[in-house]
Asks: 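Take a look at the following structure, please.
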Amino acid sequence: MAGTLLVLLALLGGSQVLKAKNFSHWKGEQQMYKLDIGWPKAPEYFTGQTFCVAVDSLHGLVYVGQRGDNVPKVLVFSEEGYFLHSWNDTVEMPHGIFVWNTATGSSVWLTDVGTGKYGHTVKQYSPLGKLLQVLGTPGNAGSSLIPLQFDQPADIFVEETGEIYVVDGDGGMNNRLLKLSDDYKELWLTGTNGSGIGQFKIPHSVTVDAFGRVWVADRGNKRIQVFDKVTGEWLGSWNGCFSEDGPYSVRFTADYKYLIVAQLNINRLAILAAPPVGSIGDCAIVHSVQLADETKPHLVDVDMRSGAVYVAEIGAQQVQKYVPLS
């Protein structure tokens with residue numbers, strides 16, 4: 001029931017206690033998710049800071065990006081929680097990750113914010129970790145489009161058509177949202193550093209809804225901004241729900257009725273009502289999951305088939321799975 005305080009023993013290390021306080025901001029709203037305490041089966045495979053997670057709903061796989069010295073940078077689990085394999089080549093400091101499925105196969109896109117020879121790039125890999133494509137100039141931070149250069153690109157979203165949305169960057173010189181064609185040509189670019197309409201201070205996550213709108217977690221400005229996916233035109237922003245902490249992630253539920261937002265500094269997942277076609281309107285938090293202190297949820301992803309929500313937590317150094325109750 002909403003308002004229930006759940007105290008859960010984490011599997012990681014067998015000793016850490018995590019508290020999940022689930023409550024609703026809307027009268028009569030029931031608890032929407034429960035923690036799957038059996039996922040993953042072997043949490044000892046989390047050996048670094050878990051920054052990002054991506055779900056391959058078609059093949060039942062979950063990819064986790066982690067950082068640290070002498071640790072595998074990408075871990076692959078089954079949706080049931082079994083560890084399958086890992087890979088590490090040409091990955092320095094993963095920040096965002098996304099699985100792209102097509103009629104002919106699947107691939108994994110990853111943003112790398114490292115400062116070494118592989119950093120400042122957006123890269124495409126096969127499911128087994130073979131490097132397929134590199135966008136950006138490896139090892140060089142920049143704001144150029146010819147050649148394409150990023151500075152700490154934070155997140156990526158790829159549509160079924162192959163069109164790509166990148167938010168760039170995570171604290172570097174760039175504060176921009178870029179759309180690329182399926183052959184990696186610029187379609188439109190918006191954003192500069194600032195707090196005005198269409199400006200950003202650390203654009204941290206990006207997603208696209210079913211109605212042609214691009215949603216960006218404008219972390220430093222404590223708001224979400226929305227753009228037309230065809231033209232890049234600014235459509236509106238949500239400022240009222242993030243006074244305590246800026247949004248770190250934006251991902252829609254499988255039915256596109258809700259937006260899942262991680263707030264790292266207050267250890268919270270906020271579930272917001274997503275507006276249908278038309279006006280963006282004002283934001284409304286319909287449910288929240290309060291995590292334990294120092295959990296630090298960073299980025300999330302949603303299984304668009306089962307509706308499960310996966311949360312990458314850099315403080316707890318784990319990924320947790322929440323399953324819908326209805």
Side-chain angles (χ1 to χ4, degrees), residues 52 95-96 98 111 122 143 145 150-159 163-180 186-253 256-266 268-286 297-302:
C52 51
H95 190 279
F98 187 88
T111 68
V122 176
S143 59
L145 296 175
F150 299 109
D151 189 355
Q152 301 181 46
D155 196 19
I156 181 172
F157 187 95
V158 186
E159 293 198 90
E163 293 177 326
I164 298 170
Y165 304 82
V166 179
V167 280
D168 175 36
D170 185 41
M173 71 177 75
N174 298 332
N175 285 272
R176 61 188 186 176
L177 167 64
L178 174 66
K179 181 178 182 179
L180 301 173
E186 178 202 353
L187 294 177
W188 51 258
L189 171 69
T190 188
T192 56
N193 183 36
S195 301
I197 290 176
Q199 293 183 310
F200 300 110
K201 285 186 177 179
I202 309 181
H204 197 259
S205 182
V206 60
T207 194
V208 179
D209 67 17
F211 310 109
R213 299 174 298 195
V214 185
W215 298 71
V216 176
D218 187 5
R219 194 184 98 189
N221 284 320
K222 294 186 176 182
R223 65 186 179 185
I224 289 175
Q225 296 200 74
V226 189
F227 302 85
D228 183 279
K229 80 170 190 178
V230 175
T231 65
E233 176 189 1
W234 183 85
L235 298 178
S237 65
W238 281 353
N239 302 68
C241 293
F242 309 109
S243 59
E244 293 180 86
D245 189 27
Y248 274 69
S249 74
V250 281
R251 284 292 185 268
F252 283 95
T253 55
Y256 291 97
K257 291 182 178 180
Y258 303 101
L259 192 65
I260 310 293
V261 177
Q263 294 176 281
L264 180 143
N265 294 298
I266 59 173
R268 185 173 77 169
L269 299 181
I271 302 169
L272 287 73
V277 177
S279 172
I280 300 302
D282 296 325
C283 60
I285 297 178
V286 301
H298 186 248
L299 290 174
V300 308
D301 202 16
V302 176

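Both backbone and side-chain heavy atoms feed into the values below; hydrogens, waters and symmetry mates do not.
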Asks: To the nearest 0.5 angstrom, please state how far the OH atom of Tyr256 sits from the CG atom of Asp209.
Replies: 7.5 Å

Asks: So Val167 and Ser205, do their side chains get closer than 4.5 Å, heavy atoms only?
Replies: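 Of all side-chain heavy-atom pairs linking Val167 with Ser205, none is under 4.5 Å.
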
Asks: Give the C-alpha distance, both sets of side-chain angles, the deciding distance and a yes or no for side-chain contact (heavy atoms from CB on, under 4.5 Å) between Ile280 and Arg213.
Replies: CA-CA 10 Å; Ile280 300 302; Arg213 299 174 298 195; 3.8 Å; yes

Asks: Measure the spacing between CG of Leu269 and CD1 of Ile285 and express it to the nearest 0.5 Å.
Replies: 11.0 Å

Asks: Just by distance, do the side chain of Asp151 and the backbone of Ser143 share a donor-acceptor pair under 3.5 Å?
Replies: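 Side chain of Asp151 to backbone of Ser143, a donor-acceptor pair under 3.5 Å: no, none is there.
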
Asks: Quick one: pull up CG in Asp168 and CZ in Arg176 and give me the separation to the nearest 0.5 Å.
Replies: 4.5 Å

Asks: Rounded to the nearest 0.5 Å, what's the gap from CG on Asp228 to CD on Glu233? Could you check?
Replies: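 Those atoms lie 6.0 Å apart.
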
Asks: Would a distance-only check, ignoring hydrogens and angles, find a side-chain to backbone donor-acceptor pair under 3.5 Å from Asp155 to Val206?
Replies: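 Indeed, once roles are kept as given, a pair shorter than 3.5 Å links the two residues.
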
Asks: For Asp218 and Gln199, work out which heavy atoms get closest and say how close.
Replies: OD2-O, 3.3 Å

Asks: Look up atom CD in Gln152 and atom CD1 in Ile202, then write down how far apart they are to the nearest 0.5 Å.
Replies: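 That separation rounds to 9.0 Å.
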
Asks: Going by heavy atoms in the side chains, are His204 and Asp170 under 4.5 Å from each other?
Replies: yes

Asks: Could you walk me through whether Leu259 and Val250 pass the side-chain contact (heavy atoms from CB on, under 4.5 Å) check?
Replies: CA-CA 6 Å; Leu259 192 65; Val250 281; 4.1 Å; yes

Asks: With a cut-off of 6.0 Å (strictly less than), are more than 12 heavy atoms of other residues, nucleotides or ligands near CG of Asp282?
Replies: no

Asks: Taking the six-membered ring for Trp, are Phe200 and Phe227 parallel (under 30°), tilted (30 to 60°) or perpendicular (over 60°)?
Replies: tilted

Asks: Below 4.5 Å, heavy atoms only, C-beta onward: do Lys201 and Ser195 meet side chain to side chain?
Replies: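 In contact.
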
Asks: Do the side chains of His95 and Leu299 get nearer than 4.5 Å, heavy atoms only?
Replies: yes

Asks: Which word best sums up how the rings of Phe157 and Phe98 line up, parallel for under 30°, tilted for 30 to 60°, or perpendicular for over 60°?
Replies: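 Because their plane-to-plane angle lies in the 30° to 60° range, the rings of Phe157 and Phe98 count as tilted.
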
Asks: Specify the closest pair of heavy atoms between Pro203 and Val216, including all atoms of both residues, with the distance to one decimal.
Replies: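 Closest approach of Pro203 to Val216, heavy atoms only: CB-CG1, 4.0 Å.
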
Asks: Is any side-chain heavy atom of Val261 closer than 4.5 Å to a side-chain heavy atom of Ile224?
Replies: yes

Asks: Would you indicate whether the side-chain heavy atoms of Gln225 and Thr190 approach each other to under 4.5 Å?
Replies: no

Asks: Do you know the tightest heavy-atom contact between Ser249 and Val300?
Replies: OG-CG2, 3.5 Å

Asks: Are the side chains of Leu177 and Trp188 in contact, using a 4.5 Å heavy-atom criterion?
Replies: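 With C-beta onward as the side chain, the pair touches.
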
Asks: Go through it in stages, so that I can follow the logic: the residues are Glu163 and Lys229, the test is salt bridge (charged side-chain N to carboxylate O under 4.0 Å, His left out), and I'd like the CA-CA distance, side-chain angles, deciding distance and then a yes or no.
Replies: CA-CA 10 Å; Glu163 293 177 326; Lys229 80 170 190 178; 5.6 Å; no

Asks: Of all the heavy-atom pairs spanning Arg223 and Phe242, show the shortest one and how long it is.
Replies: CA-CD1, 4.0 Å

Asks: Could you tell me which non-hydrogen atom of Ser237 sits nearest to which non-hydrogen atom of Asn239, and how far apart they are?
Replies: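 Closest heavy-atom pair between Ser237 and Asn239: OG-OD1, 3.0 Å.
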
Asks: Flag the pair Ile164 / Val122 as yes when at least one side-chain heavy-atom distance between them is below 4.5 Å, and no otherwise.
Replies: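 A side-chain contact is absent here, since even the closest heavy-atom pair is not under 4.5 Å.
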
Asks: Which heavy atom in Cys241 sits nearest to a heavy atom in Ala284, and how many Å separate them?
Replies: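 Shortest heavy-atom separation between Cys241 and Ala284 comes out as SG-N, 3.9 Å.
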
